[in-house]
Amino acid sequence: MESKIKKVFFVILVLAYHFSYAQFNTLTPTQPKKSESLKVKEKPGLEENAKEKKDKKSWKQIFNITTKSDLKNEIDSLKTLIKEYSSVSSNKNSQVEKLKDSVALLTQNRLMQKKNISNKPNGFAMYDLVEEPKETFSKIVMPLNNRITITSSYGARIHPIFGTKKMHNGIDLKANYENVYCVMDGIVTAVGWDSKGGGNYIKVNHFNRFETSYLHLSEMYYRVGEQVKAGYIIGKSGNTGNSTGPHLHFSVKEFGKSINPAHFLNDLIKVNNLIAIYNE
């Protein structure tokens with residue numbers, strides 16, 4: 001009897017042990033699952049970190065959030081654009097300067113063309129003012145280059161050769177084979193020999209008003225009809241004709257009437273001085 005009770009007790013112990021062991025095995029798997037869940041919450045994995053970063057980038061893109069790196073890139077791009085613009089603007093400036101030069105050259109050519117007569121029919125020509133050439137000689141000069149010295153005045157006098165009183169229709173100027181100059185612009189009206197004692201002579205008409213005569217010449221350089229200007233050398237003084245020595249006989253007529261050459265020359269000097277003052 002006791003042996004049966006022992007067997008039954010042993011079986012109960014075995015069953016109890018087996019039951020307790022089986023229950024422990026069923027609980028052990030739940031603990032690591034709980035710890036794993038806690039670990040996931042405290043320390044996210046790499047995949048979740050990557051997903052979070054991806055989500056942050058997408059938010060920046062959605063709201064156009066600019067970072068420092070983005071700003072740096074934009075500044076670099078702006079610097080590049082500024083350099084390109086500067087180079088383009090410098091090229092434009094050079095092109096503008098070239099265009100200005102072309103316009104200036106074209107304008108100069110246009111001005112030069114205006115000086116010429118237009119060849120187009122019924123066209124109006126453009127002219128510039130006529131530029132007067134500088135005169136080699138002044139418009140009024142004295143008949144001699146040296147100082148004017150009158151040796152015999154205008155009017156009645158005793159003739160030095162014939163000793164009779166006679167009208168002296170000119171003045172005698174001291175001149176020893178010197179160049180004789182035309183006093184004003186004019187046309188030569190007479191050249192030849194004066195049979196009344198004047199010797200070789202030249203006469204010049206000025207503006208159909210005055211006539212100047214140069215007598216006792218040793219040489220004559222112009223012929224009748226030739227135009228002469230003030231300051232032209234028309235001859236050389238001498239001692240031809242009725243003369244006691246080399247000199248120049250100078251006479252003047254106004255509208256065909258004899259006048260005092262000394263007064264005429266003084267008037268020329270006054271006019272010449274006024275012209276000189278005006279030109280200053």
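Side-chain atoms are counted along with the backbone in the values below, which use heavy atoms only and exclude waters and symmetry mates.
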[X] and [Y]: which non-hydrogen atoms are nearest, and at how many Å?
X: Pro261; Y: Tyr154; answer: CD-CD1, 3.7 Å
X: Ser237; Y: Leu248; answer: CB-CB, 4.5 Å
X: Trp193; Y: Asn200; answer: CE3-OD1, 3.2 Å
X: Pro143; Y: Leu265; answer: CD-CD2, 3.9 Å
X: Thr240; Y: Ser218; answer: CG2-CA, 4.5 Å
X: Ala230; Y: Ile140; answer: CB-N, 4.1 Å

Given the rule that I, L, V, M, F, W and Y join up when any side-chain heavy atoms are under 4.5 Å apart, are [X] and [Y] in one cluster?
X: Ile234; Y: Val191; result: yes
X: Ile150; Y: Val180; result: yes
X: Tyr201; Y: Val252; result: no
X: Val204; Y: Phe207; result: yes
X: Tyr221; Y: Leu217; result: yes

When rounded to the nearest 0.5 angstrom, what distance separates [atom1] in [X] from [atom2] in [Y]?
X: His247; Y: Ile171; atom1: NE2; atom2: CD1; result: 11.0 Å
X: Leu173; Y: Asn146; atom1: CG; atom2: CG; result: 11.5 Å
X: Lys229; Y: Asp185; atom1: NZ; atom2: CG; result: 4.5 Å
X: Asn179; Y: Glu219; atom1: CG; atom2: CD; result: 9.0 Å
X: Asn169; Y: Asn260; atom1: CG; atom2: CG; result: 11.0 Å
X: Ile269; Y: Phe264; atom1: CD1; atom2: CZ; result: 11.0 Å

Can the ring centres of Phe250 and Tyr214 be said to be less than 6.0 Å apart?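 Ring centroids of Phe250 and Tyr214 are less than 6.0 Å from each other.
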Describe, in one word, how the ring planes of His216 and His249 are oriented to each other, choosing from parallel (under 30°), tilted (30 to 60°) and perpendicular (over 60°).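 Plane angle over 60°, so perpendicular.
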Are there over 12 heavy-atom neighbours, none belonging to Glu226, within less than 6.0 Å of that residue's CD?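 Enclosed: over 12 neighbouring heavy atoms sit under 6.0 Å from CD of Glu226.
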Please identify which of these residues, Asn272, Leu268, Val183, meets the side chain to side chain contact (heavy atoms under 4.5 Å, CB included) condition with Met142.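 So, applying the side chain to side chain contact (heavy atoms under 4.5 Å, CB included) to Met142 and each of Asn272, Leu268, Val183, only Leu268 qualifies.
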Out of Lys253, Glu254, His206, which one pairs with Glu211 under the side chain to side chain contact (heavy atoms under 4.5 Å, CB included) rule?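 Among the candidates, only Lys253 passes.
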Kindly indicate, with the supporting measurements, whether the criterion side chain to side chain contact (heavy atoms under 4.5 Å, CB included) is fulfilled by Leu144 and Tyr181. CA-CA 6 Å; Leu144 296 172; Tyr181 300 90; 5.6 Å; no
